[in-house]
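Have a look at the structure below before the remarks.
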Amino acid sequence: MFHIALLPLALSCYILADAKVLIVPRFTARYCACFFYKGKEPTGIIPTRGARICQRYENGYRFATVYDRVRRIPTYSAYIYKAARSERTEWMIEPQLVNPRYSETMEEERFTQIKRDLLQESQAVNADYESASKTYDRGHINPSLHHDNIFDSEATFTLTNVVPQIRVLNQGAWREYEEDTIKRQAQGCTRTYAIVGAIPGNNFIAKRVNVPGYIWAAACCTLANDRVKSWAVIAENSSQNRVDPITIENLEIQISRSTGRRVRLFHKDCPRKV
């Protein structure tokens, strides 16, 4: 069996199995704040009826997600980037989105005992994506290949961490960013805080799950001598199959046009204009 070490909370979000919280009112030092640079979550980006999820799997918190219950897609996921290989598993759902009293950890949809109508009301399900599989992939927001821990990688296969992404983009230019570009950008980083998200669009699959207009990614990484650098990219979710670099500041402006509020993705010490 694969084992992990339990590190001090300041360095890791792994916790002992007796913690019983998944959906939280805010990300705190105990619940998933360690996935954000200096513990500060983005502001101005929480959607109406949005849920903050500490993604819990195999007795540990693996990453943080803000989930849009209305559009049934993640607004963003935040994680610590560590280039590795992907570990695949079956697609999972989040029981606590159905009822706070349900299991605090994600579980495979095919084995869930939750009634189908209640599950579908709270989140996206496999059938939604199967109905549009000729055009859209289940596009990971937090990619499975960005983790060197098998449980962290497997945990990304929750349907609260994917969006309908045009297949040519998911398997083309966006895949190049996930596999190569971020690896080059992160060279020399001692710790890379990544946030990846989606800007909602006007279309839906299965008349339930929003198709994002744009997919974006941003990162803030610490370097030696207390230096910090950042980068960001954005891609129209279309067959253009193009990923464009953008400053953190301009990305925040573009997201703000969707939310109608002032968006800040990182702590103020992370460069925004470079």
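If you're wondering where the values come from, they're calculated on a predicted model, not measured in any experiment.
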Discussion item. I want to check something: taking the side chain as every heavy atom from C-beta on, are Ile93 and Ile114 in contact at a cut-off of under 4.5 Å?
Written reply: yes
Worksheet item: So do Ile53 and Val66 actually touch side chain to side chain, heavy atoms under 4.5 Å?
Response: no
Worksheet item: Under 3.5 Å, is there a donor-acceptor pair between the side chain of Asn237 and the main chain of Ile166?
Response: yes
Item to complete: Can you measure from OH (Tyr136) to OG (Ser131) and round to the nearest 0.5 angstrom?
Response: 10.5 Å
Worksheet item: Counting only N and O atoms by type, is there a donor-acceptor contact under 3.5 Å from the side chain of His147 to the main-chain atoms of Asn149?
Response: no
Discussion item. Run the salt bridge (Lys or Arg N to Asp or Glu O under 4.0 Å) test on Arg264 and Glu252 for me, step by step, so that the C-alpha distance in whole Å, both residues' side-chain angles and the decisive distance to 0.1 Å come before the verdict.
Written reply: CA-CA 6 Å; Arg264 288 293 181 268; Glu252 291 170 340; 3.6 Å; yes
Discussion item. Any heavy-atom pair between the side chains of Val263 and Thr43 that's under 4.5 Å?
Written reply: no
Discussion item. Does Asp152 form a side chain to side chain contact (heavy atoms under 4.5 Å, CB included) with Arg62? I'd like the steps, not just the answer.
Written reply: CA-CA 5 Å; Asp152 290 350; Arg62 307 298 167 177; 2.8 Å; yes
Worksheet item: Can you tell if the side chain of Gln240 reaches within under 4.5 Å of the side chain of Leu169, non-hydrogen atoms only?
Response: no
Worksheet item: Can you tell me if Asn225 uses its side chain to pair, donor with acceptor, with the backbone of Arg227 under 3.5 Å?
Response: no
Item to complete: List in chain and number order the residues that pass side chain to side chain donor-acceptor pair (under 3.5 Å) with Thr105, two or more places apart in sequence or in another chain; answer none if no residue qualifies.
Response: none
Discussion item. Would you say that Thr75 contacts Ile45 through its side chain, given a criterion of any heavy-atom pair below 4.5 Å between the two side chains?
Written reply: yes
Worksheet item: Going by the angle between their ring planes, with limits at 30° and 60°, are His140 and Trp91 parallel, tilted or perpendicular?
Response: tilted
Worksheet item: Do you see a donor-acceptor pair shorter than 3.5 Å between the side chains of Glu154 and Ser144?
Response: no
Worksheet, complete the sentence: Sequence neighbours excluded, the answer for side chain to side chain donor-acceptor pair (under 3.5 Å) partners of Thr48 is none
Worksheet item: Ignoring hydrogens and geometry, is there a side-chain-to-backbone donor-acceptor pair from Lys229 to Gln185 under 3.5 Å?
Response: yes
Discussion item. Are the side chains of Asp244 and Val233 in contact, using a 4.5 Å heavy-atom criterion?
Written reply: no
Practice prompt. Without swapping roles, check the side chain of Glu109 against the backbone of Asn126 for a donor-acceptor pair under 3.5 Å.
Written response: yes
Worksheet, complete the sentence: Checking Phe35, Tyr61, Phe36 against Phe27 for ring-ring contact (aromatic ring centres under 6.0 Å, His included), the one that qualifies is Phe36
Practice prompt. Please determine, by modelled atom types, if Asp137 and Gln171 share a side-chain donor-acceptor pair under 3.5 angstrom.
Written response: yes
Practice prompt. Find the distance between OG1 (Thr156) and CG (Asn161) and round it off to the nearest 0.5 Å.
Written response: 6.0 Å
Worksheet item: For the atom pair NZ (Lys183) and OH (Tyr177), what is the distance rounded to the nearest 0.5 Å?
Response: 13.0 Å
Practice prompt. Indicate yes or no: does Asp68 engage Arg49 in a salt bridge with an N to O separation below 4.0 Å.
Written response: no
Worksheet entry | Pairwise side-chain contact, Ser230 with Phe266, heavy-atom cut-off 4.5 Å (strictly under) | no
Worksheet item: For the side chain of Thr135 and the backbone of Ala132, is there at least one donor-acceptor N/O pair under 3.5 Å apart?
Response: no
Discussion item. Check the orientation of Tyr76 and Trp216. Use parallel for under 30°, tilted for 30 to 60°, and perpendicular for over 60°.
Written reply: tilted
Discussion item. How long is the straight-line distance from CD of Gln187 back to CG of Leu223, given to the nearest 0.5 Å?
Written reply: 11.5 Å
Item to complete: Measure the CD-CZ distance between Glu107 and Arg110 for me, rounded to the nearest 0.5 Å.
Response: 12.5 Å
Item to complete: Verify, without hydrogens or angle tests, whether Ser153 (side chain) and Glu87 (backbone) share a donor-acceptor contact under 3.5 angstrom.
Response: yes
Item to complete: Please check if the side chain of Gln123 supplies one atom and the backbone of Glu94 the other of a donor-acceptor pair under 3.5 Å.
Response: yes
Item to complete: Flag yes if Trp174 and Val168 sit in one hydrophobic cluster, no otherwise; membership is Ile, Leu, Val, Met, Phe, Trp, Tyr, and two members link when side-chain heavy atoms are under 4.5 Å apart.
Response: yes
Worksheet item: With hydrophobic residues grouped by side-chain heavy-atom distances under 4.5 Å, do Phe204 and Ile141 end up in a single group?
Response: no
Fill in: Distance (rounded to the nearest 0.5 Å) between Cys220 SG and Leu265 CG
10.5 Å
Item to complete: Without swapping roles, check the side chain of Arg72 against the backbone of Gln120 for a donor-acceptor pair under 3.5 Å.
Response: yes
Fill in: Audit row: Thr222, Thr190, side chain to side chain donor-acceptor pair (under 3.5 Å) steps and yes/no
CA-CA 6 Å; Thr222 56; Thr190 57; 2.7 Å; yes
Worksheet item: Should Leu119 and Val98 count as side-chain neighbours, where that means a heavy-atom distance under 4.5 Å?
Response: yes
Discussion item. In terms of relative ring orientation, are His146 and Tyr81 parallel, tilted or perpendicular, with 30° and 60° separating the classes?
Written reply: perpendicular
Could you list the donor-acceptor pairs under 3.5 angstrom formed between side-chain atoms of residues 193-201 and any protein atom two or more places apart in sequence or on another chain?
{"residue": "Tyr193", "atom": "OH", "partner": "Arg191", "partner atom": "NE", "Å": "3.2"}

Discussion item. Side-chain heavy atoms nearer than 4.5 Å, only ILVMFWY residues, links allowed to pass through others: does that put Phe151 and Met106 together?
Written reply: yes
Item to complete: Answer yes if the side chains of Gln55 and Ser77 hold a donor-acceptor pair under 3.5 Å, and no otherwise.
Response: no
Fill in: Polar side-chain atom of Arg175 near backbone of Gly172 as donor-acceptor pair, under 3.5 Å
no
